[in-house]
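No hydrogens, no waters, no symmetry mates; every other heavy atom, side chains included, goes into these values.
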Amino acid sequence: MGFKPNFDFLEELKWRGLLHDSMPGTEEQLAKEMTSAYIGFDPTADSLHIGNMVPVTLLMLFQRAGHKPYILVGGATGMVGDPSGKSAERNLLDDETLQKNIDGQKAQLTQFLDFESVANKAEIVNNHDWFKNFSFLEFIRDVGKHITVSYMMAKDSVKNRMEASGISFTEFTYQLVQGYDFYHLYTHNNCKIQMGGSDQWGNITTGTELIRRKAQGQAFAITAPLVTKADGSKFGKSESGNIWLDPEKTSPYSFYQFWLNVGDEDAETFIKIYSLKSRSEIEALIKNHKGQEYQRGLQKALAEEMTVRIHSEHDLMQAQKATQVFFKGTEEDLRSLDVLNMDGAFADLDTFELPKIELEKGVGILDLLSTKTTVFSSKGEAKKMIAANGFSINKTKYTDIDGVINASQLLHNKYMLLQKGKKNYYVLSVS
RNA sequence: GGGGAGGUACCAGAGCGGUCAAAUGGGACGGACUGUAAAUCCGUUGCUUCGGCUACGUAGGUUCGAAUCCUACCCUCCCCA
């Protein structure tokens with residue numbers, strides 16, 4: 001046999017700041033043979049968001065190290081609800097939503113790992129497959145029997161909830177269900193490691209405990225810290241909500257912008273966590289960044305890498321082009337773009353359609369912005385923003401609240417670029 | 001089951017018969033500055049055809065006039081059992 005990993009996985013996680021905790025013996029196991037590990041994904045939405053990228057990155061690194069990654073989608077666990085890190089009982093999803101979420105996430109997950117041909121090819125499993133025919137009685141007899149209530153109650157996720165608002169039997173049971181997943185994968189797929197966020201430690205150890213008692217086997221756990229920003233706030237959300245991987249929900253432009261806007265204090269932490277570049281490359285970037293933060297070298301490198309990974313080279317180019325015009329450009333730059341480039345640059349922005357005849361007749365500015373479109377939520381707001389110098393048409397400040405807009409302002413006779421504040425762009429497109 | 005406190009704008013929280021579209025703080029948004037940053041400063045933060053209109057848990061009532069007083073209902077929290 002003579003297995004030798006491509007690199008020391010735990011060591012890799014350590015310098016990246018991705019290692020929170022691991023069980024004793026994990027390192028030896030990984031050095032000994034090609035090992036399988038899994039991470040569970042909770043189907044709470046039909047798309048992953050960048051908060052899910054940490055576990056995805058763990059699996060990508062794991063595979064690169066020469067080990068075999070498993071993705072578990074929670075068709076069954078999604079029906080129960082994980083109490084970890086939640087302060088209140090969760091709403092259950094109906095079957096249809098759940099299935100839609102699973103399908104959506106599966107499609108995204110498959111693009112990050114190698115599922116073909118290699119010896120350590122990734123696999124995807126759904127715990128619903130082994131839970132659907134598992135009766136309640138069988139479960140409490142075969143699984144519940146091995147774990148004591150006091151063991152389960154000692155978990156932080158349970159303890160916190162019992163002290164606060166209470167916990168339903170359903171959510172209390174969650175750790176057993178997740179624990180059984182681990183047992184199942186251990187016995188059927190020889191999967192010896194479960195990875196996850198540090199909030200999953202309790203659930204994972206229930207699994208290893210179950211494996212020890214029920215299968216007399218030894219299994220391991222690796223957890224990653226939960227990513228937070230320097231100011232303590234949760235990472236992965238912008239003002240307008242989650243940053244999704246689905247381009248329908250978060251455009252590649254917004255996605256690119258999100259990474260570009262990472263604060264200086266966080267840039268170093270995040271590039272280590274999210275970038276797949278080598279240690280020496282990353283360290284060189286960081287060194288370069290010091291002292292010339294204004295260049296935002298780290299943010300750019302990270303934004304480029306992530307946009308290409310999640311979307312494509314093409315999307316990155318479009319996003320950069322749009323960025324160039326929106327932030328550096330003047331009205332002339334904008335007008336000098338040819339139709340093709342403009343189509344691309346505008347494709348990611350929120351677009352409003354308006355019949356051409358209407359615009360040719362002339363539309364009052366307030367009417368246009370709050371009635372015909374939803375750039376502003378009310379005329380009062382539109383009025384205030386315009387008066388406060390916070391609105392531009394085609395990159396030129398517009399300050400006349402009684403103004404009338406007509407077709408002469410159109411770019412290439414089809415677009416008008418409306419800008420609210422510094423970063424909010426909308427396209428008015430005539431038809 | 002008994003006793004107590006309370007429900008006010010995005011959040012926290014003052015107001016307790018008129019001068020209240022509602023103090024203050026935070027958040028958010030916009031402007032200046034800048035690096036599409038941080039910090040700072042300034043402005044905005046219910047709708048409006050600018051006459052008004054709708055809002056302080058819900059429904060009624062008292063009053064010239066109610067977020068403020070009364071009645072009922074709904075909800076939340078705390079203490080005791």
_Closest-nucleotide mapping onto RNA chain B: is A/Tyr256 or A/Gly380 further toward the 5' terminus? I mean the 5' end._
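Final value for this comparison: A/Tyr256.
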
*asked:* For A/Ser370 and A/Gln295, find the nucleotide of RNA chain B closest to each by heavy atoms; which residue's nucleotide sits nearer the 5' end?
replied: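 First, find each residue's nearest nucleotide; the 5'-ward one identifies A/Gln295.
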
Using atom [atom1] of [X] as one end and atom [atom2] of [N] as the other, report the distance to the nearest whole Å.
{"X": "A/Lys383", "N": "B/U45", "atom1": "NZ", "atom2": "C1'", "value": "16 Å"}
{"X": "A/Asp402", "N": "B/C50", "atom1": "CG", "atom2": "P", "value": "12 Å"}
{"X": "A/Met385", "N": "B/G31", "atom1": "CE", "atom2": "P", "value": "8 Å"}
{"X": "A/His289", "N": "B/G35", "atom1": "NE2", "atom2": "P", "value": "15 Å"}
{"X": "A/Gln292", "N": "B/U34", "atom1": "CD", "atom2": "P", "value": "20 Å"}
{"X": "A/Phe258", "N": "B/A37", "atom1": "CZ", "atom2": "C1'", "value": "15 Å"}
{"X": "A/Gln324", "N": "B/G35", "atom1": "CD", "atom2": "C1'", "value": "14 Å"}
{"X": "A/Glu293", "N": "B/U36", "atom1": "CD", "atom2": "P", "value": "15 Å"}

For [N] and [M], measure between their [atom1] atoms and round to the nearest Å.
{"N": "B/U19", "M": "B/A28", "atom1": "P", "answer": "33 Å"}
{"N": "B/C42", "M": "B/C53", "atom1": "P", "answer": "36 Å"}
{"N": "B/C64", "M": "B/U58", "atom1": "P", "answer": "25 Å"}
{"N": "B/G57", "M": "B/U68", "atom1": "C1'", "answer": "15 Å"}
{"N": "B/U36", "M": "B/G51", "atom1": "P", "answer": "44 Å"}
{"N": "B/G18", "M": "B/C29", "atom1": "C1'", "answer": "34 Å"}
{"N": "B/G46", "M": "B/A67", "atom1": "C1'", "answer": "16 Å"}
{"N": "B/G13", "M": "B/A55", "atom1": "P", "answer": "25 Å"}

Which base, if any, makes a Watson-Crick or G-U wobble pair with [N], both distances under 3.5 Å?
{"N": "B/U68", "result": "none"}
{"N": "B/C73", "result": "B/G57"}
{"N": "B/A9", "result": "none"}
{"N": "B/G51", "result": "none"}
{"N": "B/G1", "result": "B/C80"}
{"N": "B/U19", "result": "none"}
{"N": "B/A28", "result": "B/U44"}
{"N": "B/C33", "result": "none"}

*Centroid-centroid distance, A/Tyr183 to A/Tyr180, less than 6.0 Å*: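 Between A/Tyr183 and A/Tyr180, the centre distance is under 6.0 Å.
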
*asked:* If you take the centroid of each ring, where Trp contributes its six-membered ring, are A/Phe9 and A/His67 closer together than 6.0 Å?
replied: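 No.
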
Mind checking [X] for me? I need base, sugar-phosphate or nothing, with any heavy atom below 4.0 Å counting as a touch.
{"X": "A/Gln257", "answer": "base"}
{"X": "A/Glu381", "answer": "nothing"}
{"X": "A/Asn424", "answer": "sugar-phosphate"}
{"X": "A/Gly421", "answer": "sugar-phosphate"}
{"X": "A/Asn261", "answer": "base"}

What's the closest nucleotide to the [X] side chain, out of [options]?
{"X": "A/Lys384", "options": "B/U36, B/U49, B/U44", "answer": "B/U44"}
{"X": "A/Tyr294", "options": "B/G35, B/C50, B/U36", "answer": "B/G35"}
{"X": "A/Gln299", "options": "B/C50, B/U48, B/G35", "answer": "B/G35"}
{"X": "A/Phe327", "options": "B/U36, B/U48, B/C47", "answer": "B/U36"}

*Can you tell me if A/Asp266 and A/Thr269 form a side-chain donor-acceptor pair at under 3.5 Å?*
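Looking only at side-chain atoms, A/Thr269 and A/Asp266 do not form any donor-acceptor pair under 3.5 Å.
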
*Can A/Asp343 and A/Tyr415 be counted as having a side-chain donor-acceptor contact under 3.5 angstrom?*
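Side chains of A/Asp343 and A/Tyr415: pair found under 3.5 Å.
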
*Does the side chain of A/Phe41 come within less than 4.5 Å of A/Ile71's, by heavy atoms?*
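When only atoms from C-beta onward are counted, A/Phe41 and A/Ile71 do touch, with a gap below 4.5 Å.
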
*Do the non-hydrogen side-chain atoms of A/Ile282 and A/Lys272 ever get within less than 4.5 Å of each other?*
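Touching, per the 4.5 Å side-chain cut-off.
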
Ignoring backbone atoms, establish whether [X] has a side-chain N or O less than 4.0 Å from OP1 or OP2 of [N].
{"X": "A/Lys422", "N": "B/G31", "result": "no"}
{"X": "A/Ser378", "N": "B/U48", "result": "yes"}
{"X": "A/Lys423", "N": "B/A28", "result": "no"}
{"X": "A/Lys397", "N": "B/G31", "result": "yes"}
{"X": "A/Lys379", "N": "B/C50", "result": "no"}

_Nearest heavy atoms of A/Arg309 and A/Tyr274, plus distance in Å_ =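 Looking at all heavy atoms of both residues, the closest pair is NH2-O, 2.8 Å.
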
*asked:* Check whether A/Glu353 reaches the backbone of A/Thr351 with its side chain - one donor and one acceptor, N or O, closer than 3.5 Å.
replied: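 No; zero donor-acceptor contacts below 3.5 Å.
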
*Does A/Asn389 get its side chain close enough to the base of B/G30, under 3.5 Å, for a donor-acceptor pair?*
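In this structure, the two groups form no donor-acceptor pair.
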
*Between A/Trp244 and A/His49, what is the ring plane arrangement, given parallel below 30°, perpendicular above 60°, and tilted in between?*
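Plane angle over 60°, so perpendicular.
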
